[in-house]
Amino acid sequence: MRDYCSGAYIEAALHLHGTIGPARTTVSMIAERAGVQRHTYYAHFPDDRGLFCACSGLLQERDPMPDAESWHGIADPKTRLVKGLGALYDWYGRNAELVAAILRDAEHHPVTAETVAHRVTPHLDRMAAVLSDGIPTRQRHLLHLALSFHTWRSLVQESGLSPKTAITTMTRAIFGE
């Protein structure tokens with residue numbers, strides 16, 4: 001179990017990562033938000049990787065990404081895709097601000113990029129593997145587009161589609177309907 005001080009740092013960092021982004025978050029900001037002394041930060045987190053691991057672990061504990069393994073039992077590829085996109089789009093909706101900040105910063109902040117590669121990419125790769133079964137080979141590139149946070153954001157947040165309509169749109173695109 002985390003001690004109070006490290007838990008306060010993790011909570012503060014997770015909040016800041018979701019609002020201003022990991023690349024802009026400083027140790028001073030984390031300490032101030034946590035209401036603890038800055039000088040103890042390094043005793044708990046000697047480097048950024050430790051803090052990022054703790055933050056991503058807490059998020060995974062609180063709201064894990066969907067488990068693609070549960071979709072194996074769905075024989076019909078369209079039904080499986082709708083179920084999978086529904087679970088992923090729900091997760092994106094609950095975590096939109098944080099995911100947007102993290103993916104933005106991962107483009108130029110090495111520790112954020114490492115964390116995404118370690119915590120997010122394997123889940124998305126597993127989803128793609130499970131959902132691609134039964135999808136025509138020439139359409140599989142559209143599956144990767146459908147799984148992208150940026151696609152979800154474009155369809156739901158920017159275009160104003162309901163998640164259900166966004167899922168229907170991507171399903172039709174993938175299956176050529």
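Only a predicted model underlies this, so the values are computations on that prediction, with no experimental measurement involved. Values reported hereafter were calculated over all heavy atoms of this structure, with side chains retained and with hydrogens, waters and symmetry mates removed.
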Is it true that, when you exclude [X] itself, more than 12 heavy atoms of the residues, nucleotides or ligands shown sit nearer than 6.0 Å to its [atom1]?
X	atom1	value
E32	CD	no
R24	CZ	no
R140	CZ	yes
R49	CZ	no

I need the [X] [atom1] to [Y] [atom2] distance, nearest 0.5 Å.
X	Y	atom1	atom2	value
K78	R172	NZ	CZ	10.0 Å
I135	L143	CD1	CG	4.5 Å
D133	W71	CG	CH2	13.5 Å
E158	R153	CD	CZ	5.5 Å
L51	H44	CG	NE2	11.5 Å
T26	L16	OG1	CG	8.0 Å

Can you name the nearest heavy-atom pair linking [X] to [Y], along with the distance?
X	Y	answer
A12	I30	CB-O, 3.5 Å
H144	A128	CE1-CB, 3.6 Å
H17	L98	C-CD1, 3.8 Å
D47	G50	OD1-N, 2.9 Å
A173	L142	O-CD1, 3.3 Å
G18	E97	O-CG, 2.9 Å

Task: Candidate pair F45 and I10, rule side-chain contact (heavy atoms from CB on, under 4.5 Å), full reasoning - done: CA-CA 10 Å; F45 302 105; I10 297 166; 3.6 Å; yes
TODO: Quick one: sort the Y92 and F149 rings into parallel, tilted or perpendicular, breaks at 30° and 60°.
DONE: perpendicular
- [ ] Fit a plane to each ring of Y41 and Y9, take the angle between them on a 0 to 90° scale, and name the class: parallel (under 30°), tilted (30 to 60°) or perpendicular (over 60°).
- [x] perpendicular
Tell me whether [X] contacts the main-chain N or O of [Y] through its side chain, where contact means a donor paired with an acceptor under 3.5 Å.
X	Y	value
R119	C53	yes
R80	A75	yes
T171	V82	no
T115	V111	yes
S159	L161	no
Q139	I174	yes
W91	D63	yes

Open item on the list: Assess the residue pair H118 and F52 against the criterion (side-chain contact (heavy atoms from CB on, under 4.5 Å)); give the C-alpha distance rounded to whole Å, side-chain angles, the decisive distance to 0.1 Å, and a yes or no.
Closed with: CA-CA 11 Å; H118 176 71; F52 278 54; over 6 Å; no
Open item on the list: Salt bridge check, R126 against E69: does any charged N sit closer than 4.0 Å to a carboxylate O?
Closed with: yes
TODO: Start with the C-alpha distance between M65 and L88, add both sets of side-chain angles, then the distance that settles side-chain contact (heavy atoms from CB on, under 4.5 Å), and finish with yes or no.
DONE: CA-CA 7 Å; M65 289 188 76; L88 182 60; 4.2 Å; yes
Task: Steps toward side-chain contact (heavy atoms from CB on, under 4.5 Å) verdict (L59, N95) - done: CA-CA 9 Å; L59 179 61; N95 296 285; 3.6 Å; yes
- [ ] Sequence neighbours left out, what passes side-chain hydrogen bond (donor to acceptor under 3.5 Å, both in side chains) with T79? Give chain and number order.
- [x] D76
